Amino acid sequence: MPDKRDYYEVLGVSKTSGEDEIKKAYRKLAKQYHPDLNPDNKEMEVKFKEVGEAYEVLSDSGKRQKYDQFGHAGVDPSYGGGPGGGFSGYSGGFGFEDLGDIFDNFFGGGFGGGGRARNPKAPIKGSDVQIQMPLDFMEAVKGAKKTISVTSLQNCKECGGSGAAAGTSPETCAECAGTGQVKVTSRTPFGVMQSSKACQRCGGKGTVVTSPCKTCVGKGRVRATRSIEVNVPAGIDDGQSFVLRGEGDHGLNNGPAGDCLVRVSVRPDPIFERDGFDIWCEIPITFAQATLGDEITVPTVDGKVSYNIPEGTQPGTTFRLRNKGVPYVNGRGRGEQYVRVLLEVPRGLSAKQKEALKTFDGMVGEKNYEKRKGFMGKIKDAMGI
């Protein structure tokens, strides 16, 4: 297995850093490397996972203690030199799990077997769920109230989450006497040792359901869909997400519910195009408007506004409307709107109109065409004519 970087180095903190400093460092790096902000960037995706792995260990006091004492091998049994990971290649005939049991007995569960001493009745947070929500362009810019359908695991109403049929309740496991753990005797190079392992009969829960609920089949949770009204934040962009706290899967043993991650997909608009928090649009103008200047009507996300284009405006000229762009998400201010003018050449002219245009063209000299005059000068210099 390739060497892993030191977790403290990954987060850029010292070994004496406290929980708040570690959390602050993680949030900063997670935002920097987040896949939503770096689409199709595999390197950033790898760094994002690396930062998450480091934080998972250093934010947990138990895992951090093991990591500080034994390095990556203390928190990842597959990390090591042998084909089976860890110390499985040792000629004495014991593997990583046995070694973990040895350290459990000597140091009170401070090595590989510490996870088996977990309280089977401890609350467990539910898993997060993710949904996709389509939005119109203006809904994303201005924000909106939307009703969404969320499918998640919820506590079974029939049994109240116990998993037992009506009139019954889970029974204490006879194998482990409700502790969720059983003692196992192992022969090691140090002698006969005892360690604790999860009870196989109850799966470490300490209780067994002998008469399972027919609705949830003894699981205590069922998958159900419910409608939720949410406030979409103004300024959210295509591919971005927002979180609904506590709207994910219900937890186990009265643990908190997970979250719901809402990822938005924004439909394109026929008039506006978005670039970050700025908005662009194109407006066709006539030859006369470009030549003489004119007051034109410009559409914005806030409605129509008037804008005076100056005399002699050239095709492709871009004007800026301040503070007419997209509002900053969860912040003050907003972007700009940029208006690019397109010169439309008229078609289907009548004979009279063509004659009038020729007369006008004959009245206009080279001095009225700055770009043309400059271009013709370059041709003369280049060709010597």
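These numbers were taken from a predicted model, which means no experiment stands behind them. Only heavy atoms go into these numbers, but all of them, side chains included; no hydrogens, no water, no symmetry mates.
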Report summary line: In terms of heavy-atom contacts, Cys176 and Val182 come closest through CB-CG1, 4.0 Å
Query raised in the report: Counting only N and O atoms by type, is there a donor-acceptor contact under 3.5 Å from the side chain of Asp294 to the main-chain atoms of Ile296?
Result: no
Query raised in the report: If we ignore angles and hydrogens, is there a donor and acceptor under 3.5 Å between the side chains of Tyr7 and Glu53?
Result: yes
Query - Side-chain (His72) to main-chain (Arg5) donor-acceptor, under 3.5 angstrom - result: yes
Query raised in the report: Does one side chain, of Tyr55 or Asp60, offer a donor that lies under 3.5 Å from an acceptor on the other?
Result: no
**Report entry** Thr313 backbone acceptor or donor facing Thr317 side chain under 3.5 Å
**Finding:** no
Query raised in the report: Under 6.0 Å from the NZ atom of Lys142, do we count more than 12 heavy atoms belonging to anything else shown?
Result: yes
Requested in this report: Could you please spell out the steps behind the side-chain hydrogen bond (donor to acceptor under 3.5 Å, both in side chains) verdict for Thr151 and Thr225?
Outcome: CA-CA 4 Å; Thr151 300; Thr225 301; 2.7 Å; yes
Query raised in the report: Are the aromatic rings of Phe277 and Tyr328 close, with centres under 6.0 Å apart?
Result: yes
Query raised in the report: Would you say the side-chain atoms of Arg223 pair up with the backbone N or O of Ser152, donor to acceptor, closer than 3.5 Å?
Result: no
Query raised in the report: Are the side chain of Asp278 and the backbone of Gly335 linked by a donor-acceptor contact shorter than 3.5 Å?
Result: no
Report task. Quick one: list whatever passes ring pair (Phe, Tyr, Trp, His ring centres under 6.0 Å) with Phe137, sequence neighbours left out. Result -> none
Query raised in the report: Looking at Lys63 and Glu56, does any basic side-chain N land under 4.0 Å from a carboxylate oxygen?
Result: yes
Query raised in the report: Does Gln289 CD have over 12 foreign heavy atoms under 6.0 Å away?
Result: yes
**Report entry** Single-linkage hydrophobic cluster Tyr338~Ile285, side-chain heavy atoms < 4.5 angstrom
**Finding:** no
Requested in this report: Applying side-chain contact (heavy atoms from CB on, under 4.5 Å) between Ile279 and each of Thr300, Ile271, Asp269, Val326, report the one that passes.
Outcome: Val326
Query raised in the report: Which heavy atom of Thr215 sits nearest a heavy atom of Val222, and at what distance?
Result: O-CG1, 3.9 Å
Query raised in the report: When hydrophobic residues are tied together by side-chain contacts of less than 4.5 Å, even through go-betweens, does Val364 share a cluster with Leu343?
Result: yes
